[in-house]
Amino acid sequence: MMKATVTTLNAKYIHKSLALRYLKSAALPDHHVTMKEFTIHDEPMTIAGELYKEEPEVIGFSCYIWNIEETIPILSILRKVLPNTLIVLGGPEVTYDADLWMERLPDVDVIVRGEGEDVFKTLLSTVEKGTPLQDVKGITYRQGEHIRSTVPAPKVKLQSLSSPYRFEEDKDELCKRIAYIETSRGCPYTCQFCLSSIEVGVRYFDIDYMKEEITYLMSEGARTFKFLDRTFNINRSYALEMFQFLIKNHLPGTVFQFEVTGDIMRPEVIDFINTHAPPGLFRFEIGVQSTNEETNELIQRRQNFIKLKRTIDNVRDGGKVVQHVDLIAGLPQEDYASFRETFNEVFGLRPDELQLGFLKMLRGTGLRRDAAQFSYQYMDHAPYEMLSNHVLSFQDVLAIKQVEDILEKYWNKHFMDRTIGYLVDEVFKSPFDFFQQFGLYWHDQGFDRIGHQLNDLYKRLSSFLSTVPGLDIRIVEGLMHLDYYSHFKQKPRQSLHQRKPDEDSYYEFVWNTLPRTQTSKRQFFKHACIHPIAFRVDTFEESGQIIEEPSLLVAWYGPEDEQVTFHHCPPPIA
């Protein structure tokens with residue numbers, strides 16, 4: 001039997017390639033296929049060495065924007081050390097402009113275009129028999145000095161695919177990796193920046209089959225599931241039935257992440273989740289991208305922001321689902337001022353995570369085709385990120401990248417939600433202005449070129465705020481201490497500030513002032529942190545209201561609770 005290997009470079013170790021498993025399962029039982037996975041951080045020589053040991057007659061690479069440039073040096077090595085091996089590329093990055101890829105990469109023999117399961121199996125059979133490649137639909141290949149392309153292959157019949165989830169070699173690592181799941185392929189929308197807009201229609205796997213596969217994966221230790229469906233909730237009855245199943249049958253510690261379209265999410269579905277789901281079981285990724293109506297019209301993106309806002313509000317208020325919301329900078333007609341407005345509108349919804357990405361001019365998309373219409377300049381090689389367009393200069397792009405940097409460090413990590421909430425609501429003109437001004441300061445100080453620990457984040461924010469005119473730093477410092485103490489389950493070894501000589505006396509005073517508990521004085525001194533602040537912590541924690549009144553913040557780390565509780569104590573009379 002012919003020896004074939006499929007491989008890819010994943011973005012991180014915790015990711016496992018679902019594409020390789022589909023290729024392997026489709027090839028069985030006619031062909032034995034070995035899977036080899038690496039990451040984009042592995043050395044090309046190391047990867048090539050591991051693949052060389054397999055002595056494959058055919059080797060296939062799954063290619064994406066995040067790994068194509070790292071894959072290319074490996075191809076060159078393999079061509080030299082395995083001159084008779086057929087090198088095949090597949091995946092979304094090489095499906096479009098296949099002729100150009102063949103011209104750029106002379107070491108490649110074949111490119112599989114589109115869905116690869118049936119095509120790759122047919123290719124293996126064709127190579128094994130020695131019959132002409134021209135009979136294989138859906139490929140671009142070399143014929144002497146010429147590059148040939150066959151007619152597109154028909155779409156795969158999903159019900160005919162064998163399970164990609166049950167390979168014996170995967171069992172030991174299921175508990176360590178993200179389990180990728182797809183219940184459908186395709187997308188009903190036509191957003192011109194997205195590859196999914198090219199495929200017409202949505203196809204579904206049988207829901208009972210998917211339930212069986214998820215149950216099996218959980219029984220083998222998988223706990224983090226990411227659904228790859230482009231719009232999981234487009235079929236409302238399918239989505240609701242799956243939500244019901246997962247709520248009823250999940251195991252402790254399991255998390256399921258879905259990409260959903262917010263403005264079509266039915267209120268009754270959200271109510272069901274808010275009523276029945278345990279907190280943290282579900283994560284929703286919601287793509288807003290832009291709130292500029294002209295921009296959305298240009299990119300053929302249908303979106304009702306009022307309904308979308310309702311969904312995000314209801315999900316947030318339910319407190320059950322973690323929400324990750326996406327924005328894209330660099331879309332047509334979205335200039336700096338417009339993007340500022342988009343950012344402020346979406347940040348105002350207070351999603352758990354707000355990802356600020358930059359438009360990537362993906363091969364095959366309408367925006368790449370029409371790039372000249374909007375004067376796009378973009379990177380020549382993957383990830384093809386935009387550099388400027390007709391309304392957004394490169395300087396604007398750099399400025400927004402500074403916003404992205406601070407957003408990721410200071411909001412998405414949730415190290416200081418109270419502090420950032422106060423600053424964006426009460427101090428700065430808007431959330432965008434805070435992140436932009438701090439981002440500029442961060443860049444000018446060279447902080448973007450050095451590492452940072454948790455304490456450094458607080459110190460650098462304090463340093464920036466010292467430059468803000470008219471700011472009552474006492475309030476912010478109190479909030480920063482609340483946030484800092486909240487981050488720990490046990491009394492932190494390192495203080496946020498330089499202790500003053502008279503602060504040790506606070507412990508004796510607080511011990512004698514607060515209502516006594518069964519805790520001994522020695523235990524209290526060991527497990528409490530005390531710091532003077534300028535407002536009442538009890539009122540703020542209950543209602544978010546700041547009542548300016550000199551106070552002592554008492555952070556108590558119960559030795560058995562593994563959580564912190566905050567208490568208010570009036571300061572000693574001077």
Side-chain angles (χ1 to χ4, degrees), residues 327 329 336-337 339-348 350-358 393-488 492 494-500 529 531-535 537 540 544 546 548 553 555:
L327 297 180
Y336 182 85
F339 186 77
R340 175 181 179 272
E341 185 174 344
T342 284
F343 183 96
N344 286 331
E345 282 188 287
V346 176
F347 188 88
R350 290 297 197 271
D352 298 289
E353 299 170 2
L354 178 57
Q355 180 174 321
L356 197 173
F358 291 80
S393 70
F394 185 55
Q395 184 62 45
D396 292 333
V397 171
L398 293 178
I400 297 174
K401 280 188 173 293
Q402 294 169 0
V403 172
E404 177 198 21
D405 194 16
I406 300 301
L407 180 72
E408 189 63 30
K409 289 181 173 68
Y410 281 86
W411 179 256
N412 290 340
K413 301 297 185 184
H414 292 289
F415 291 141
M416 49 187 86
D417 288 353
R418 299 172 182 85
T419 306
I420 303 303
Y422 176 79
L423 290 171
V424 300
D425 289 339
E426 305 295 337
V427 177
F428 288 82
K429 189 174 181 180
S430 76
F432 186 88
D433 293 285
F434 163 71
F435 289 106
Q436 183 68 92
Q437 291 178 39
F438 189 15
L440 177 61
Y441 177 86
W442 184 279
H443 178 81
D444 288 345
Q445 295 297 311
F447 294 153
D448 55 325
R449 297 188 294 273
I450 58 178
H452 53 269
Q453 301 296 324
L454 179 63
N455 277 46
D456 296 326
L457 292 175
Y458 284 89
K459 291 175 182 177
R460 289 166 188 172
L461 177 58
S462 292
S463 176
F464 162 64
L465 294 175
S466 68
T467 68
V468 177
L471 172 63
D472 187 350
I473 195 65
R474 299 173 308 130
I475 301 297
V476 179
E477 285 181 344
L479 293 169
M480 290 175 73
H481 277 84
L482 268 171
D483 281 326
Y484 182 76
Y485 293 138
S486 297
H487 185 65
F488 299 92
Q494 188 175 4
S495 177
L496 185 57
H497 66 289
Q498 183 108 21
R499 290 183 60 81
K500 299 177 181 178
C529 291
H531 185 75
I533 61 175
F535 58 90
V537 63
F540 178 80
I546 291 179
E548 295 191 38
L553 164 63

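Within the model, atoms CD1 of I400 and CG of D396 stand 6.0 Å from one another, a figure rounded to the nearest 0.5 Å. Going from atom CZ of F434 over to atom CG of N344 covers 13.0 Å, rounded to the nearest 0.5 Å. The line from SG of C529 to CG of L553 is 9.0 Å long, rounded to the nearest 0.5 Å. Atom-to-atom distance recorded for H481:NE2 and I533:CD1 is 9.5 Å, nearest 0.5 angstrom. Put simply, CZ on F415 and CD1 on I420 are 12.0 Å apart, with the number rounded to the nearest 0.5 Å. Distance check: S463 OG to W442 CH2 gives 10.5 Å after rounding to the nearest 0.5 Å.
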Handout entry: Test side-chain contact (heavy atoms from CB on, under 4.5 Å) applied to L454 and F488, step by step
Key = CA-CA 11 Å; L454 179 63; F488 299 92; 4.0 Å; yes
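For residues 451-471, no pair satisfies salt bridge (charged side-chain N to carboxylate O under 4.0 Å, His left out), with sequence neighbours left out. Every pair passing salt bridge (charged side-chain N to carboxylate O under 4.0 Å, His left out) that includes a residue from residues 401-417 is listed here, sequence neighbours excluded: E385-K401, D405-K409. The salt bridge (charged side-chain N to carboxylate O under 4.0 Å, His left out) pairs that include a residue from residues 419-434 are R340-D433, R350-D425, where partners are two or more places apart or lie in different chains. Annotation: salt bridge (charged side-chain N to carboxylate O under 4.0 Å, His left out) contacts involving residues 473-485, sequence neighbours excluded, comprise R418-D483, D472-R474, R474-E548.
Every residue two or more places apart in sequence or in another chain was checked for a salt bridge (Lys or Arg N to Asp or Glu O under 4.0 Å) with D352, and none qualifies. By the ring pair (Phe, Tyr, Trp, His ring centres under 6.0 Å) test, Y422 is found to be paired with no residue, residues two or more places apart in sequence or in another chain being considered. Among residues two or more places apart in sequence or in another chain, the side-chain hydrogen bond (donor to acceptor under 3.5 Å, both in side chains) test is passed with Y410 by none. Listed by chain and residue number, V325, L349, L354 satisfy the side chain to side chain contact (heavy atoms under 4.5 Å, CB included) test with P351 (two or more places apart in sequence, or in another chain). For the side chain to side chain contact (heavy atoms under 4.5 Å, CB included) test, residues two or more places apart in sequence or in another chain that qualify with A399 are Y336, Q436. With sequence neighbours excluded, the residues forming a side chain to side chain contact (heavy atoms under 4.5 Å, CB included) with T467 are Y441, F464, listed by chain and number. In this view, F535 and F540 satisfy the ring pair (Phe, Tyr, Trp, His ring centres under 6.0 Å) rule, not counting sequence neighbours.
A distance-only check finds a donor-acceptor pair linking the side chain of Y458 to the backbone of Y484 [under 3.5 Å].
Side-chain contact check for V427 versus L465: every heavy-atom pair is 4.5 Å or farther apart. In this structure the side chain of F438 never reaches within 4.5 angstrom of the side chain of L423, judged on heavy atoms.
Nearest heavy atoms, L482 versus V537: CD2-CG2, 3.5 Å. Scanning both residues, P492 and Y485, for their nearest heavy atoms gives CG-CD2, 4.3 Å. The nearest pair of heavy atoms linking I406 to G439 is CG1-CA, 3.4 Å.
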Solution key, residues 443-453 side-chain donor-acceptor pairs under 3.5 Å, sequence neighbours excluded:
unit_1: H443; atom_1: ND1; unit_2: D448; atom_2: OD2; d: 3.2

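The six-membered or imidazole ring of W411 lies near that of F347, with a centre-to-centre distance under 6.0 Å.
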